[in-house]
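Please read the structure below before turning to the comments.
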Amino acid sequence: MKPLSVSLPIPTPDGEFTAHYSEQGLAGLDFPRTKQAGRRAAATNPIPLNVRAWHGTTVAALKKVLQGDKPATLPPLDWSGKTEFQKQVWRVMLKIPRGKTLSYGEVASATGRPKASRAVGGACGANPVPVLVPCHRVLAANQKLGGFGGGLEWKRRLLGREGLDHFA
DNA sequence: AGCCAGTCTCGGA
DNA sequence: TCCGAGACTGGCT
């Protein structure tokens, strides 16, 4: 049985993101494709009303973050199927305010596993909702960028827009 | 068992 | 001061 899954485009000045929804909420967010690919999810089917509402929230939130601002509200996030540790890590990241950064090690400590810094990196990579769950605000201990699934370009750009001059 | 978006230490440019 | 190699790490597939 395949659960409900709806994909909707989000046009932004930085390209077209794609949001994926389950019946639980926002389940995934994709960066713009470098290549113009056109997936169109069942455009003939009516989009459920709750998904429509979530999407409105997602679009507004995403645009805010892309401007380096704090989103007013986030849609419900569907983290089903993820491990407890991963959810803990993302919960910590959601609390990092705009323009601030933590190291992987600090995030690890916040989850009660000070030595799991490397695993935190793994959890960041597994984050299905980048940008809104600000994995880009986690740096290596020496204030260097570390990695980023969507490409380090994005990480630097997002931090730059949040006022971290160093990365502009 | 093997992979990693880390971190620390130590040695050499 | 700034890398690079090596050792060690803990969670995930």
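Chain letters run A, B, ... following the sequence lines, proteins first, then strands; residues in each count from 1. Scope of the values below: all heavy atoms of this structure, side chains included, with no hydrogens, waters or symmetry mates.
- Not a single donor-acceptor pair under 3.5 Å links the side chain of A/Asp14 to the backbone N or O of A/Leu66.
- With B/dC8, C/dG10, B/dA5 as the choices, the nucleotide that has an atom nearest any side-chain atom of A/Ala141 turns out to be B/dC8.
- As rounded to whole Å, 14 Å separates atom C1' of B/dG6 from atom CG of A/Leu102.
- One interatomic measurement links the two molecules: CD of A/Gln88 to C1' of C/dC12, which rounds to 15 Å at whole-angstrom precision.
- Counting to the nearest Å, the P atom of B/dA5 and the CZ atom of A/Arg137 are 21 Å from each other.
- OP1 or OP2 of C/dG11 sits under 4.0 Å from a side-chain N or O of A/Arg113.
- Side-chain proximity of A/Arg118 to C/dT9, C/dC12, B/dA5: nearest is C/dT9.
- When each of B/dG6, C/dG11, B/dA5 is scored by its nearest atom to the side-chain atoms of A/Phe85, the top-ranked nucleotide is C/dG11.
- A/His55 places no side-chain N or O within 3.5 Å of a backbone atom of A/Ser7 that could act as its donor or acceptor partner.
- Taking the side chain of A/Ala140 as heavy atoms from C-beta on, and the options B/dT7, C/dG10, C/dC3, the nearest nucleotide is B/dT7.
- Side chain of A/Ala119, nearest nucleotide from C/dC3, C/dG11, B/dA5: C/dG11.
- Residues A/Met93 and A/Leu102 form no side-chain contact, since every pair of their non-hydrogen atoms from C-beta on lies 4.5 Å or further apart.
- Set against C/dG11, C/dC8, C/dC12, the side chain of A/Thr83 has C/dC12 as its closest nucleotide.
- Counting to the nearest Å, the C1' atom of B/dA5 and the CG atom of A/Leu158 are 15 Å from each other.
- The separation between A/Lys115 atom NZ and B/dC8 atom P is 13 Å, rounded to whole Å.
- In this entry the distance linking CZ of A/Phe148 with P of B/dG6 reads 14 Å, nearest Å.
- Formation of a donor-acceptor pair under 3.5 Å by the A/Arg98 side chain with backbone atoms of A/Glu162 is found in this model.
- Between A/Phe31 and A/Trp154, the distance from one ring center to the other falls under 6.0 angstrom.
- Listed candidates were C/dG11, C/dC3, B/dG6. Nearest to the side chain of A/Lys144 is C/dC3.
- Here C/dT1 sits opposite B/dA13 as a Watson-Crick or G-U wobble pair (both hydrogen-bonding atom distances under 3.5 Å).
- Residue-level contact check: A/Gly125 touches the bases, meaning some heavy atom is under 4.0 Å from a base atom.
- For A/Trp79 and C/dC12, the CH2 to P distance is 14 Å, given to the nearest whole Å.
- Atom OH in A/Tyr104 sits roughly 17 Å away from atom P in C/dG11 (whole-Å rounding).
- In this structure, B/dA5 makes no Watson-Crick or G-U wobble pair, since no nucleotide meets both defining distances under 3.5 angstrom.
- The side chain of A/Cys124 sits closest to B/dA5 out of C/dG10, B/dG6, B/dA5.
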